[in-house]
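Take a look at the structure below.
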Amino acid sequence: PRAHLSGSEKARMAASKGAIGLVTLWSEEADRKTAPWAFLERLSHRSQMAWLNPDGTIPTETAEIATDMLLHHAVSARLFAGARVSWAEALEAARAGTPQAVPLPAGIRIRQTSAWREVRASNVIARLRGSDPALADEYVVFTAHLDHDGIGEPMAGDSIYNGAFDNAAGVAALLEVARVFANQKTRPKRSLLFIATAAEEVGLLGAAAFTANPTVPIESIVANLNMDGNLFLFPTRSILALGAETSTLGDDVAAAATATGLDLETDLMPDQAFFIRSDQYPFVKRGVPALFFINGTRSSDSTINGGAVVADWLARVYHTPKDDLNQPMHFPSGARFAEVVWRTGDRVANATTRPAWRPGDFFGGRFGRRKPN
């Protein structure tokens, strides 16, 4: 539940309660450990976007708050001067999961000017029809986002944000999984959809637009397997499948990882709430069990601390021009990533029953509509 209420979900909830502005306070600890202020400052220069209904209106569920502001930790502390709770005490309560509403003596005045324009981006979709007449009208959906940041603020004279790992490598895995399925002598029982989604980086818009206006009935989609993190920086001996604990897809990916010779990890930096931050989440919110695949943090080379390498990449390279082909790339690890996704999808596509949410799971309880067959 804490993950679901992170980021844009908070803004949507505030907007639904009548709020016209949202001010997020940033801590020095978050600046140092999770997202450096310079990174957030670069992201703030991107335009806000929303996908539109066919009639040109913004879907009610995607409407966000009009003004969203993020404060540097030094300014955040100043807001608490004279309050009955100090900034340090407020942070400690937040860490403990017991935040409280606190009147602040200071105020903020915000002036905002907006310019609107229409842009177009397309999802690219392919279908492989299933072989079983009884199951061919059910679908396993594979996704990977095709966009990145394009041309942005220059860093060391380079303004091209290449997105090699985020997410050209994920799209490459999507294409490889599709190629293997298409070349199999016997097609899987269920049908498959392969979707290269647009506009993930600006709010999961391509996936959200698809799940709201799917090319097949949303009830016929049994699972989503999303690839947004084929980060083969070093020889990996594990794969991450975020969301594995939420549904029976966890059993499928565990078997697939074992067959590929990899360990299975199911969480990465829990405070970052990655499970709601990529294209599987619009599917989850439509009741579809899903997995978010990322290359693992465990290295088969004992001299490499894989977790430290991933953390360093997120801190220094993620969403910068440095995410290019000059990075270390261990291609066999990238291939094993695709193999696990393929094996997982093959199990789901040929199973006699659909994936089901785990009893008591938060996401299944909030969004799930289906019961096990």
Side-chain angles (χ1 to χ4, degrees), residues 51 53-54 59 61-62 122-146 174-175 177-182 184 186-198 200 204-228 241 243-244 246-253 256 275-276 278-293 341-359 361 363-373:
W51 65 273
N53 287 315
E61 67 181 55
T62 66
S122 298
N123 294 328
V124 181
I125 306 174
R127 182 179 71 170
L128 187 67
R129 188 71 178 169
S131 60
D132 188 321
L135 295 176
D137 288 333
E138 296 183 357
Y139 292 84
V140 181
V141 177
F142 300 82
T143 51
H145 73 87
L146 55 77
L174 176 73
L175 294 173
V177 171
R179 183 190 68 81
V180 172
F181 275 118
Q184 289 179 180
T186 303
R187 290 189 175 185
K189 295 178 180 180
R190 288 185 174 85
S191 296
L192 312 178
L193 284 184
F194 303 93
I195 310 176
T197 56
E200 188 270 351
L204 318 183
L205 301 187
F210 174 84
T211 55
N213 303 277
T215 56
V216 299
I218 193 68
E219 295 80 9
S220 70
I221 298 176
V222 305
N224 170 233
L225 306 180
N226 183 45
M227 291 159 271
D228 185 10
T246 67
S247 75
T248 56
L249 288 175
D251 300 331
D252 296 305
V253 71
F275 186 57
I276 71 164
S278 191
D279 281 331
Q280 74 285 337
Y281 205 52
F283 286 89
V284 169
K285 292 199 291 185
R286 297 285 175 171
V288 179
L291 294 174
F292 175 10
F293 287 91
V341 177
W342 165 70
R343 288 184 182 277
T344 304
D346 191 57
R347 284 177 58 90
V348 176
N350 288 298
T352 56
T353 59
R354 302 161 67 119
W357 296 101
R358 300 286 190 194
D361 178 71
F363 298 102
R366 186 177 183 92
F367 303 116
R369 299 183 307 274
R370 309 188 183 102
K371 296 180 181 179
N373 292 347

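One distance of note links CH2 of W357 with CZ of F367; it measures 8.5 Å at 0.5 Å rounding. E219 contributes atom CD, which lies 13.0 Å from atom CG of D137 (distance to the nearest 0.5 angstrom). Of the inter-residue distances, the one linking R190 atom CZ with L128 atom CG reads 14.5 Å to the nearest 0.5 angstrom. With values rounded to the nearest 0.5 angstrom, F363 atom CZ is found 15.0 Å from R358 atom CZ. Between the CG atom of D252 and the CZ atom of R347 there is a distance of 4.5 Å, given to the nearest 0.5 Å. Interatomic distance, CD of E200 versus CG of N123, reported as 11.5 Å (0.5 Å rounding).
Residue T246 comes nearest to A290 through the heavy atom pair OG1-O, 4.4 Å, listed as atom of the first residue, atom of the second, then distance. Scanning both residues, I218 and P214, for their nearest heavy atoms gives N-CG, 4.0 Å. Among all heavy-atom pairs drawn from A223 and V348, the shortest one is CB-CG1, 4.1 Å. Counting all heavy atoms, side chain and backbone alike, A349 lies closest to L192 at CB-CD2, 3.9 Å.
A heavy-atom distance below 4.5 Å is not found between the side chains of S247 and D361. No side-chain heavy atom of F210 sits less than 4.5 Å from a side-chain heavy atom of T197. Side-chain contact between R286 and I221: absent, with no pair of heavy atoms (C-beta onward) separated by less than 4.5 Å.
Taking the six-membered ring for Trp and thresholds of 30 and 60 degrees, F194 and F181 have ring planes inclined between 30 and 60 degrees apart.
For the side-chain contact (heavy atoms from CB on, under 4.5 Å) with L291, the qualifying choice from V341, N226, L225 is L225, the only one to do so.
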- Intermediate values then yes/no, side chain to side chain contact (heavy atoms under 4.5 Å, CB included), V253 and L249: CA-CA 6 Å; V253 71; L249 288 175; over 6 Å; no

- Message: Determine whether F283 and L204 satisfy the following criterion, side chain to side chain contact (heavy atoms under 4.5 Å, CB included), listing intermediate values before the conclusion.
- Response: CA-CA 11 Å; F283 286 89; L204 318 183; over 6 Å; no

- Task: Test side chain to side chain contact (heavy atoms under 4.5 Å, CB included) on Y139 and T215 and set out the steps.
- Result: CA-CA 11 Å; Y139 292 84; T215 56; over 6 Å; no

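A donor-acceptor pair is defined here as one N or O able to donate and one able to accept, closer than 3.5 Å; no such pair exists between the side chain of R127 and the backbone of L193. The backbone N or O of R187 sits less than 3.5 Å from a side-chain atom of S131, completing a donor-acceptor pair. No donor-acceptor pair closer than 3.5 Å links the side chain of S191 to the backbone N or O of R129. Proximity of a side-chain donor or acceptor of N350 to a complementary backbone N or O of P188 within less than 3.5 Å is not detected.
D279 and T143 are not linked by any side-chain donor-acceptor pair at a separation below 3.5 angstrom, with hydrogens and angles left out of the test.
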